[in-house]
Q: 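One structure follows; several queries about it will come next.
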Amino acid sequence: MDINKDNKEQEEITTKVLNESLQSILEEIKSEISKNSIEIRQEIKSEIFKLTEKFQVMEDRLKNVDFQIVSTNEEVNILTSRIHNLENKIEDLEDRSRRKNLRFRNFEDSNKQENLEYMLHDYFKALGLKLDGHNEKIERCHRLHKPSNIASDTPRDIITCFHSFEFKEQVLKANREKRIKDGPYSHIIALPDLSYNTRNKRRMFSSGINILKQHNIRFRWSYPTKMIIQMDGKIESFDQPDKLKTWLQNKSLN
(Lines give C-alpha, C1' and ligand atoms only; values in the text may rest on other atoms or scores of the structure.)
Protein backbone atom coordinates (compact mmCIF):
# COMPACT_ATOMS: atom_id res chain seq x y z
CA MET A 1 0.00 0.00 0.00
CA ASP A 2 2.79 2.39 0.86
CA ILE A 3 4.45 1.64 -2.44
CA ASN A 4 1.29 2.41 -4.36
CA LYS A 5 0.81 5.62 -2.45
CA ASP A 6 4.35 6.67 -3.10
CA ASN A 7 3.93 5.95 -6.83
CA LYS A 8 0.75 7.97 -6.98
CA GLU A 9 2.35 10.93 -5.29
CA GLN A 10 5.31 10.67 -7.60
CA GLU A 11 2.99 10.71 -10.63
CA GLU A 12 1.16 13.73 -9.30
CA ILE A 13 4.41 15.55 -8.72
CA THR A 14 5.60 14.62 -12.23
CA THR A 15 2.29 15.74 -13.77
CA LYS A 16 2.42 19.00 -11.89
CA VAL A 17 5.99 19.63 -13.02
CA LEU A 18 5.06 18.82 -16.62
CA ASN A 19 2.03 21.10 -16.46
CA GLU A 20 4.08 23.89 -15.03
CA SER A 21 6.73 23.36 -17.73
CA LEU A 22 4.13 23.33 -20.45
CA GLN A 23 2.50 26.42 -19.04
CA SER A 24 5.85 28.13 -18.93
CA ILE A 25 6.57 27.11 -22.53
CA LEU A 26 3.13 28.34 -23.63
CA GLU A 27 3.70 31.66 -21.90
CA GLU A 28 7.04 32.02 -23.61
CA ILE A 29 5.47 31.20 -26.97
CA LYS A 30 2.66 33.70 -26.37
CA SER A 31 5.15 36.32 -25.35
CA GLU A 32 7.28 35.66 -28.41
CA ILE A 33 4.26 35.70 -30.69
CA SER A 34 3.04 38.92 -29.16
CA LYS A 35 6.47 40.46 -29.49
CA ASN A 36 6.78 39.31 -33.11
CA SER A 37 3.25 40.49 -33.84
CA ILE A 38 4.05 43.98 -32.59
CA GLU A 39 7.25 44.08 -34.65
CA ILE A 40 5.40 42.83 -37.74
CA ARG A 41 2.67 45.44 -37.26
CA GLN A 42 5.26 48.15 -36.90
CA GLU A 43 7.05 46.95 -40.02
CA ILE A 44 3.73 46.84 -41.95
CA LYS A 45 2.84 50.33 -40.75
CA SER A 46 6.28 51.56 -41.74
CA GLU A 47 5.97 50.00 -45.21
CA ILE A 48 2.46 51.41 -45.64
CA PHE A 49 3.74 54.86 -44.68
CA LYS A 50 6.61 54.57 -47.16
CA LEU A 51 4.25 53.41 -49.91
CA THR A 52 1.86 56.24 -49.10
CA GLU A 53 4.69 58.74 -49.42
CA LYS A 54 5.75 57.20 -52.74
CA PHE A 55 2.18 57.30 -54.06
CA GLN A 56 1.86 60.90 -52.99
CA VAL A 57 5.07 61.79 -54.82
CA MET A 58 3.82 59.94 -57.91
CA GLU A 59 0.44 61.69 -57.71
CA ASP A 60 2.13 65.09 -57.43
CA ARG A 61 4.29 64.25 -60.44
CA LEU A 62 1.26 63.13 -62.44
CA LYS A 63 -0.55 66.35 -61.57
CA ASN A 64 2.49 68.29 -62.71
CA VAL A 65 2.64 66.28 -65.95
CA ASP A 66 -1.08 66.90 -66.53
CA PHE A 67 -0.54 70.61 -66.00
CA GLN A 68 2.38 70.60 -68.42
CA ILE A 69 0.29 68.73 -71.02
CA VAL A 70 -2.56 71.24 -70.68
CA SER A 71 -0.10 74.12 -70.87
CA THR A 72 1.62 72.58 -73.92
CA ASN A 73 -1.72 72.01 -75.65
CA GLU A 74 -2.66 75.64 -75.06
CA GLU A 75 0.67 76.77 -76.53
CA VAL A 76 0.19 74.44 -79.52
CA ASN A 77 -3.32 75.85 -80.10
CA ILE A 78 -2.00 79.41 -79.91
CA LEU A 79 0.84 78.63 -82.33
CA THR A 80 -1.53 76.78 -84.67
CA SER A 81 -3.84 79.79 -84.69
CA ARG A 82 -0.91 82.11 -85.41
CA ILE A 83 0.30 79.87 -88.24
CA HIS A 84 -3.22 79.80 -89.69
CA ASN A 85 -3.42 83.61 -89.52
CA LEU A 86 0.01 83.95 -91.14
CA GLU A 87 -0.98 81.54 -93.92
CA ASN A 88 -4.13 83.59 -94.53
CA LYS A 89 -2.07 86.79 -94.66
CA ILE A 90 0.37 85.21 -97.11
CA GLU A 91 -2.54 84.05 -99.29
CA ASP A 92 -4.06 87.51 -99.10
CA LEU A 93 -0.77 89.16 -100.08
CA GLU A 94 -0.31 86.74 -102.97
CA ASP A 95 -3.86 87.32 -104.23
CA ARG A 96 -3.44 91.10 -103.96
CA SER A 97 -0.18 90.91 -105.89
CA ARG A 98 -2.18 89.22 -108.71
CA ARG A 99 -5.15 91.61 -108.68
CA LYS A 100 -4.16 93.12 -112.06
CA ASN A 101 -3.67 89.69 -113.65
CA LEU A 102 -5.91 87.56 -115.83
CA ARG A 103 -5.47 83.98 -116.95
CA PHE A 104 -6.58 83.36 -120.54
CA ARG A 105 -7.45 79.86 -121.70
CA ASN A 106 -7.82 78.25 -125.17
CA PHE A 107 -5.69 80.71 -127.18
CA GLU A 108 -4.15 78.76 -130.06
CA ASP A 109 -0.70 77.55 -129.02
CA SER A 110 1.84 77.18 -131.83
CA ASN A 111 4.72 76.30 -129.44
CA LYS A 112 6.81 78.70 -131.51
CA GLN A 113 7.84 82.33 -131.23
CA GLU A 114 4.57 84.26 -130.97
CA ASN A 115 3.48 87.83 -130.31
CA LEU A 116 1.17 87.27 -127.36
CA GLU A 117 0.60 90.97 -126.75
CA TYR A 118 -0.57 91.51 -130.33
CA MET A 119 -2.84 88.44 -130.06
CA LEU A 120 -4.41 89.72 -126.84
CA HIS A 121 -4.91 93.24 -128.20
CA ASP A 122 -6.68 91.75 -131.21
CA TYR A 123 -8.92 89.76 -128.88
CA PHE A 124 -9.75 92.86 -126.82
CA LYS A 125 -10.77 94.67 -130.02
CA ALA A 126 -13.00 91.70 -130.89
CA LEU A 127 -14.69 92.20 -127.53
CA GLY A 128 -15.33 95.82 -128.43
CA LEU A 129 -12.86 97.30 -125.94
CA LYS A 130 -10.91 100.47 -126.64
CA LEU A 131 -7.14 100.36 -126.26
CA ASP A 132 -6.35 104.08 -126.12
CA GLY A 133 -4.11 105.29 -123.30
CA HIS A 134 -1.16 103.91 -121.35
CA ASN A 135 -3.25 102.46 -118.49
CA GLU A 136 -5.04 100.05 -120.81
CA LYS A 137 -1.89 98.45 -122.17
CA ILE A 138 -0.47 95.13 -121.08
CA GLU A 139 2.48 95.30 -118.72
CA ARG A 140 3.65 91.75 -119.43
CA CYS A 141 2.30 88.36 -120.51
CA HIS A 142 3.61 84.83 -120.95
CA ARG A 143 2.54 81.23 -121.41
CA LEU A 144 2.35 78.94 -118.39
CA HIS A 145 3.86 75.49 -118.19
CA LYS A 146 1.35 72.80 -118.99
CA PRO A 147 0.36 70.50 -116.08
CA SER A 148 1.23 66.83 -116.57
CA ASN A 149 -2.44 65.76 -116.35
CA ILE A 150 -3.49 67.97 -119.29
CA ALA A 151 -3.75 66.55 -122.83
CA SER A 152 -0.75 67.33 -125.04
CA ASP A 153 -2.86 69.15 -127.64
CA THR A 154 -4.43 71.50 -125.05
CA PRO A 155 -3.14 75.10 -125.42
CA ARG A 156 -1.13 76.49 -122.55
CA ASP A 157 -2.76 79.24 -120.50
CA ILE A 158 -1.57 82.84 -120.86
CA ILE A 159 -0.97 84.95 -117.75
CA THR A 160 -1.41 88.66 -118.42
CA CYS A 161 -0.60 91.56 -116.11
CA PHE A 162 -2.31 94.86 -116.93
CA HIS A 163 -1.23 98.38 -116.03
CA SER A 164 -4.79 99.14 -114.93
CA PHE A 165 -6.96 97.13 -112.54
CA GLU A 166 -10.03 98.86 -114.02
CA PHE A 167 -9.22 97.72 -117.54
CA LYS A 168 -8.59 94.19 -116.32
CA GLU A 169 -12.12 94.21 -114.84
CA GLN A 170 -13.51 95.47 -118.17
CA VAL A 171 -11.83 92.58 -120.00
CA LEU A 172 -13.17 90.07 -117.47
CA LYS A 173 -16.70 91.47 -117.71
CA ALA A 174 -16.62 91.60 -121.53
CA ASN A 175 -15.39 88.00 -121.71
CA ARG A 176 -18.28 86.96 -119.47
CA GLU A 177 -21.04 88.97 -121.13
CA LYS A 178 -19.95 89.42 -124.77
CA ARG A 179 -19.23 85.92 -125.92
CA ILE A 180 -17.77 85.78 -129.45
CA LYS A 181 -19.77 83.23 -131.42
CA ASP A 182 -17.42 82.60 -134.36
CA GLY A 183 -13.76 82.81 -135.23
CA PRO A 184 -10.53 81.98 -133.37
CA TYR A 185 -11.67 83.70 -130.19
CA SER A 186 -15.04 81.94 -129.74
CA HIS A 187 -13.75 79.59 -127.02
CA ILE A 188 -11.53 82.02 -125.10
CA ILE A 189 -12.06 82.01 -121.33
CA ALA A 190 -10.74 84.73 -119.00
CA LEU A 191 -10.22 83.84 -115.34
CA PRO A 192 -8.91 85.75 -112.32
CA ASP A 193 -5.31 84.80 -111.55
CA LEU A 194 -5.74 83.60 -107.98
CA SER A 195 -3.29 81.87 -105.65
CA TYR A 196 -3.23 78.06 -105.52
CA ASN A 197 -4.91 77.88 -102.09
CA THR A 198 -7.63 80.36 -103.05
CA ARG A 199 -8.43 78.36 -106.20
CA ASN A 200 -8.69 75.19 -104.13
CA LYS A 201 -11.03 76.87 -101.64
CA ARG A 202 -13.28 78.03 -104.46
CA ARG A 203 -13.27 74.53 -105.97
CA MET A 204 -14.84 73.29 -102.74
CA PHE A 205 -18.02 75.15 -103.83
CA SER A 206 -18.16 73.22 -107.14
CA SER A 207 -21.13 70.96 -106.26
CA GLY A 208 -23.17 74.00 -105.16
CA ILE A 209 -22.11 75.94 -108.26
CA ASN A 210 -23.39 73.12 -110.50
CA ILE A 211 -26.79 73.33 -108.80
CA LEU A 212 -26.89 77.11 -109.22
CA LYS A 213 -26.10 76.77 -112.93
CA GLN A 214 -28.81 74.12 -113.36
CA HIS A 215 -31.37 76.60 -112.00
CA ASN A 216 -29.87 79.59 -113.86
CA ILE A 217 -29.09 81.37 -110.60
CA ARG A 218 -26.33 83.93 -111.06
CA PHE A 219 -23.62 84.42 -108.49
CA ARG A 220 -20.36 86.28 -108.13
CA TRP A 221 -17.24 85.98 -106.01
CA SER A 222 -16.31 88.49 -103.37
CA TYR A 223 -12.62 88.66 -102.54
CA PRO A 224 -11.22 86.14 -101.94
CA THR A 225 -13.55 83.13 -101.36
CA LYS A 226 -16.98 84.49 -100.45
CA MET A 227 -19.84 83.67 -102.82
CA ILE A 228 -22.61 86.23 -103.25
CA ILE A 229 -26.07 85.33 -104.64
CA GLN A 230 -28.92 87.71 -105.36
CA MET A 231 -32.31 86.00 -105.42
CA ASP A 232 -35.89 87.17 -104.81
CA GLY A 233 -34.66 90.65 -104.02
CA LYS A 234 -32.32 89.39 -101.28
CA ILE A 235 -28.55 89.15 -101.23
CA GLU A 236 -27.04 86.04 -99.66
CA SER A 237 -23.33 85.47 -98.98
CA PHE A 238 -21.52 82.22 -98.18
CA ASP A 239 -17.95 81.79 -96.99
CA GLN A 240 -18.23 78.02 -96.46
CA PRO A 241 -19.47 75.31 -98.90
CA ASP A 242 -21.59 73.72 -96.15
CA LYS A 243 -23.49 77.00 -95.64
CA LEU A 244 -24.26 77.14 -99.36
CA LYS A 245 -25.38 73.49 -99.30
CA THR A 246 -27.75 74.15 -96.38
CA TRP A 247 -29.20 77.22 -98.12
CA LEU A 248 -29.81 75.23 -101.32
CA GLN A 249 -31.53 72.49 -99.34
CA ASN A 250 -33.75 75.01 -97.57
CA LYS A 251 -34.69 76.43 -100.98
CA SER A 252 -35.40 72.86 -102.24
CA LEU A 253 -32.71 73.33 -104.88
CA ASN A 254 -30.91 70.06 -105.44
Side-chain angles (χ1 to χ4, degrees), residues 91-229 241:
E91 288 178 22
D92 181 69
L93 288 171
E94 184 176 356
D95 283 327
R96 289 184 185 277
S97 71
R98 299 169 180 237
R99 66 192 304 268
K100 293 182 182 180
N101 294 2
L102 281 181
R103 178 189 294 249
F104 292 98
R105 190 160 291 169
N106 297 329
F107 270 104
E108 185 178 351
D109 189 355
S110 63
N111 290 314
K112 297 179 181 179
Q113 186 73 24
E114 55 187 350
N115 191 332
L116 295 179
E117 190 168 337
Y118 174 82
M119 188 188 303
L120 289 167
H121 279 161
D122 194 50
Y123 171 64
F124 300 155
K125 289 177 182 178
L127 289 175
L129 298 172
K130 295 181 179 180
L131 300 177
D132 299 330
H134 171 76
N135 288 338
E136 294 170 355
K137 292 181 179 179
I138 295 170
E139 181 177 328
R140 59 186 180 274
C141 57
H142 63 87
R143 292 273 187 183
L144 290 176
H145 291 291
K146 187 181 297 183
S148 58
N149 60 338
I150 300 299
S152 59
D153 59 346
T154 302
R156 293 171 295 167
D157 288 354
I158 300 174
I159 291 292
T160 304
C161 177
F162 295 88
H163 285 290
S164 166
F165 172 78
E166 289 74 15
F167 185 70
K168 182 217 77 171
E169 289 294 299
Q170 290 177 28
V171 173
L172 190 61
K173 183 178 180 181
N175 174 265
R176 184 170 58 246
E177 297 179 354
K178 300 178 182 179
R179 289 287 185 178
I180 301 173
K181 295 181 180 179
D182 301 309
Y185 303 137
S186 59
H187 299 292
I188 302 302
I189 299 173
L191 302 168
D193 181 31
L194 301 170
S195 67
Y196 176 80
N197 288 333
T198 299
R199 293 200 305 272
N200 281 342
K201 288 178 181 178
R202 288 193 178 188
R203 287 192 188 104
M204 294 171 68
F205 287 83
S206 58
S207 60
I209 290 174
N210 291 334
I211 294 174
L212 292 174
K213 289 180 177 179
Q214 289 172 10
H215 295 275
N216 295 318
I217 299 173
R218 298 186 66 178
F219 67 91
R220 62 183 177 87
W221 288 105
S222 176
Y223 180 81
T225 55
K226 180 182 288 186
M227 177 182 286
I228 296 177
I229 299 172

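Worth saying up front: this structure is predicted, and the values here are computed from it rather than measured.
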Q: Rounded to the nearest 0.5 Å, how far does OH of Y123 lie from CG of N175?
A: 3.5 Å
Q: Measure the spacing between CD of E139 and SG of C161 and express it to the nearest 0.5 Å.
A: 4.0 Å
Q: Can you name the side-chain hydrogen bond (donor to acceptor under 3.5 Å, both in side chains) partners of R105, sequence neighbours left out?
A: D157
Q: Between F162 and F124, is the ring centre distance below 6.0 Å?
A: yes
Q: Any side-chain heavy atom of F104 within less than 4.5 Å of one from L116?
A: no
Q: Considering all heavy atoms of both residues, which atom of M227 and which atom of L212 are nearest to each other, and what is their separation?
A: SD-CD1, 3.8 Å
Q: For a 4.5 angstrom cut-off between non-hydrogen side-chain atoms, does F205 reach W221?
A: yes
Q: Counting distance only, does the side-chain N/O of K168 pair as donor-acceptor with the main-chain N or O of R99 below 3.5 Å?
A: yes
Q: For the atom pair CG (N200) and CZ (R203), what is the distance rounded to the nearest 0.5 Å?
A: 5.0 Å
Q: Working to the nearest 0.5 angstrom, can you tell me the gap between L144 CG and K146 NZ?
A: 11.5 Å
Q: Counting only heavy atoms from other residues, nucleotides and ligands, does the tally under 6.0 Å from CD of E117 exceed 12?
A: yes
Q: May I ask you to test the R143-F107 pair for a side-chain heavy-atom distance under 4.5 Å?
A: yes
Q: Identify the heavy atoms of I180 and D182 that sit nearest to each other, and give their distance.
A: CG2-O, 3.1 Å
Q: Sequence neighbours left out, what pairs pass salt bridge (charged side-chain N to carboxylate O under 4.0 Å, His left out) with at least one residue falling in residues 158-167?
A: none
Q: Please list every donor-acceptor pair under 3.5 Å in which a side-chain atom of residues 185-193 meets a protein atom from a residue at least two apart or in another chain.
A:
{"from": "Y185", "atom 1": "OH", "to": "D122", "atom 2": "OD2", "distance (Å)": "2.7"}
{"from": "S186", "atom 1": "OG", "to": "G183", "atom 2": "O", "distance (Å)": "3.1"}
{"from": "D193", "atom 1": "OD1", "to": "R98", "atom 2": "NH1", "distance (Å)": "3.0"}
{"from": "D193", "atom 1": "OD2", "to": "N101", "atom 2": "ND2", "distance (Å)": "3.1"}

Q: Tell me, please, which residues at least two apart from K100 pass side-chain hydrogen bond (donor to acceptor under 3.5 Å, both in side chains).
A: none
Q: What pairs with R96 under salt bridge (charged side-chain N to carboxylate O under 4.0 Å, His left out), at least two apart in sequence or on another chain?
A: D92
Q: Tell me, which pairs form a salt bridge (charged side-chain N to carboxylate O under 4.0 Å, His left out) where one or both residues lie in residues 215-229, sequence neighbours left out?
A: none
Q: Side chains of I209 and R202: closer than 4.5 Å at any heavy-atom pair?
A: no
Q: With a sphere of 6.0 Å drawn around CG of N149, does it hold more than 12 non-hydrogen atoms of other residues, nucleotides or ligands?
A: yes
